[in-house]
Amino acid sequence: MEIYSDYLVIGSGVAGLIFSIKASKYGKVSIITKKSKSDANTNYAQGGIATVFDEHDSFEMHIKDTLRTGCELSHEDIVNMVIRNGPRVVQELLSYGVRFTEENGKLELGREGGHSKNRIVHAKDLTGFEIEQKLLEKIRNNPNIDMIENQMALDLILNDGGRCIGVKSLDRENYTINHYIAKFVLLATGGASRIYKFTTNPVIATGDGIAMAYLAGASVGNMEFVQFHPTSLYEKVQIEEKSFLISEAVRGAGAVLKTPDGVEFMDKYHELKSLAPRDIVARAIDNETKKHGYGYVYLDLSSMPEEKIKRKFPNILDACVKRGIYPPKDMIPVIPAAHYFCGGVKTDQLGLTDIEGLYAAGEVAFTGLHGANRLASNSLLEALVFSENAFKDTLDKLDIKVKFNYNREEEKKLNFIDIDFFDGDRNKIRSTMWDFVGIVRNDNRLKIARDIIENLNEKIEKMIEKGKFSSTLFEMRNMGIVASLVIESSLIRKESRGLNYNEDYPEEKDEFKHDTILKRRIT
Ligand code: FAD
Ligand code: SIN
């Protein structure tokens with residue numbers, strides 16, 4: 001089936017929804033999303049949105065914190081642009097009905113690692129849920145927006161001139177192939193942390209957008225910079241499909257990290273101690289656990305009154321209680337987990353990729369904001385600003401016409417396969433990345449990982465070449481491609497900077513003070 005609209009949005013997290021709300025005033029919008037509409041990383045964001053509201057804070061300070069955390073790889077023009085737009089885009093969310101926590105009639109501002117001021121706007125510890133739900137409500141009765149669930153984008157469609165005009169997708173309920181065609185396509189497919197065995201991300205985060213764009217010839221950038229959140233809840237047996245996050249805001253409110261024998265250790269690693277930037281805290285925990293053979297470290301909330309924990313972190317309290325931990329009394333066992341992709345599909349200031357007609361916003365994109373390490377709570381902000389920029393860029397191009405030549409013969413060759421047996425391969429990717437391409441890397445381990453992933457990629461490619469398809473098979477393809485991009489980028493960067501720590505090259509080197517850009521040669 002062919003479905004035409006003016007705007008095609010792939011993904012229903014914050015980036016896709018904000019873009020759609022704006023675009024729907026100018027044309028028909030189709031949003032396709034691979035599971036149900038609120039299955040998105042956005043829904044799980046806890047800490048909040050970093051932006052300048054406090055009279056003692058300033059754009060300059062937020063910019064300085066972002067640049068310092070990015071270890072000289074953030075693009076200063078982008079940092080300036082995003083941060084100066086922060087208060088306005090947060091006000092816009094308020095106008096859409098999003099309710100952030102207030103104190104004495106003002107927004108309550110939390111603190112997270114790497115920030116020199118309290119500047120995190122939040123809805124208790126359920127910020128993402130509040131945003132996602134209110135944005136979904138806002139689009140619910142919009143006659144110009146069609147939300148199509150269980151629709152997995154498989155491959156981008158480019159016309160003969162190389163313009164992206166849509167996507168081939170799989171209807172996961174009927175196992176049919178659809179072609180969504182539009183004047184403008186927004187990739188808002190989120191991140192890829194599911195390529196790691198332990199991650200805070202829900203199952204949708206398999207890097208589909210990055211893989212699709214790369215296959216279509218777009219540049220991708222800085223894939224080596226995978227952010228591991230220092231404090232996911234440690235569980236002997238995980239009771240959910242992902243690691244539960246213990247927000248950095250908990251440390252911002254006074255909790256401290258301790259080794260299992262009850263000793264604080266972060267003072268050995270950074271002057272900001274438990275509130276140092278994430279790369280430093282995650283590496284410190286990795287070092288302590290490996291050096292002493294601990295399975296985890298602890299987060300001690302005992303300096304916080306019980307009432308404060310209940311009021312500020314009800315969701316975290318609830319998750320801990322479910323697992324038999326009562327944080328006002330018990331320390332919380334924590335361990336790092338893959339959390340966020342700083343790299344992704346390269347865009348300019350307007351969110352435009354180097355494929356005409358294709359925009360990217362949110363976690364799928366590499367915009368230059370985060371550099372070698374993301375400052376906490378800067379990603380929702382980035383998604384809000386770039387989805388708006390992308391939408392604005394379409395406005396003077398609305399009279400574009402696109403034509404699609406549907407090849408029915410090609411579709412007849414497709415052969416749906418039910419391949420649950422591929423779960424072994426999926427686990428192999430995830431454990432290879434965890435064991436060999438984790439927080440601390442070296443060239444030898446990276447090369448071992450490259451061989452394992454290349455073998456798997458070849459096997460998957462052969463199946464796809466034979467016309468086989470299923471959502472699992474394509475997710476596996478995408479995870480394998482993203483894993484290769486992370487490995488290749490890490491092997492290119494022969495230094496340690498921000499989130500890329502390689503023990504063969506433990507120093508930062510001036511010759512690597514640039515982005516790692518990869519582009520597929522299309523013959
Ligand atoms: P997502 O919200 O992940 O949405 C992606 C969408 O694309 C989903 O709807 C998905 O189903 C869809 N999709 C994916 N592939 C396909 C496909 N092939 N076909 C169709 N649809 C597809 N950031 C902050 O700034 N502050 C925080 O406090 C914060 N806390 C976080 C806590 C957790 C536990 C996690 C996991 C992340 C957190 N982050 C936080 C990061 C932030 O939530 C994400 O970077 C951001 O929400 C990404 O938004 P997005 O719209 O780009 O992608
Ligand atoms: C957190 O609440 O610790 C997550 C914040 C983020 O990822 O930006």
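FYI, side chains are in, hydrogens and waters are out, and symmetry mates aren't considered; it's all heavy atoms of this structure.
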Heavy-atom count around K134 NZ within 6.0 Å, excluding the residue itself: above 12?
-> yes

So do the side chains of I316 and F244 get within less than 4.5 Å of each other, counting heavy atoms only?
-> yes

Taking all heavy atoms of A376 and all of H115, pick out the closest pair and write down the distance.
-> O-NE2, 2.8 Å

Does the ring centre of Y196 sit less than 6.0 Å away from the ring centre of F228?
-> yes

D279 side chain to Y501 side chain, donor-acceptor N/O pair below 3.5 angstrom = no

Kindly indicate whether the side chain of R119, heavy atoms from C-beta on, has any atom under 4.5 Å from the side chain of D54.
-> no

Charged tip of K308 within 45° of F313 ring normal and under 6.0 Å | no

Establish, from distance only, whether the side-chain atoms of D208 and T189 form a donor-acceptor pair under 3.5 Å.
-> no

Short side-chain donor-acceptor distance under 3.5 Å, H339 and S193 = no

Name of the residue among R278, K117, R374 meeting salt bridge (charged side-chain N to carboxylate O under 4.0 Å, His left out) with E112 = R278

Ion pair present between R311 and E307, side-chain N to carboxylate O less than 4.0 angstrom?
-> yes

Is any side-chain N of the basic residue among R426 and E475 closer than 4.0 Å to the acidic one's carboxylate O?
-> yes

Any side-chain donor paired with an acceptor under 3.5 Å for N287 and R283?
-> no

Where do T231 and E248 land on the side chain to side chain donor-acceptor pair (under 3.5 Å) test, with the steps shown first?
-> CA-CA 7 Å; T231 57; E248 209 156 272; over 6 Å; no

Could you tell me whether the side chains of N427 and R430 share a donor-acceptor contact shorter than 3.5 Å?
-> no

Please determine, by modelled atom types, if H370 and E382 share a side-chain donor-acceptor pair under 3.5 angstrom.
-> yes

Answer yes or no: is there a side-chain heavy-atom contact under 4.5 Å between M223 and V220?
-> yes

Between E235 and Y296, a side-chain donor and acceptor under 3.5 Å | no

Distance only, no hydrogens: is a donor on one side chain within 3.5 Å (strictly under) of an acceptor on the other, for N442 and E503?
-> yes

Give a yes-or-no answer on whether the side chains of N118 and R111 include a donor-acceptor pair shorter than 3.5 Å.
-> yes

What residue among N373, L499, D515 forms side-chain contact (heavy atoms from CB on, under 4.5 Å) with F225?
-> L499

Should the ring pair F265 and Y269 be called parallel, tilted or perpendicular, given that the plane angle runs from 0 to 90° and is split at 30 and 60?
-> perpendicular

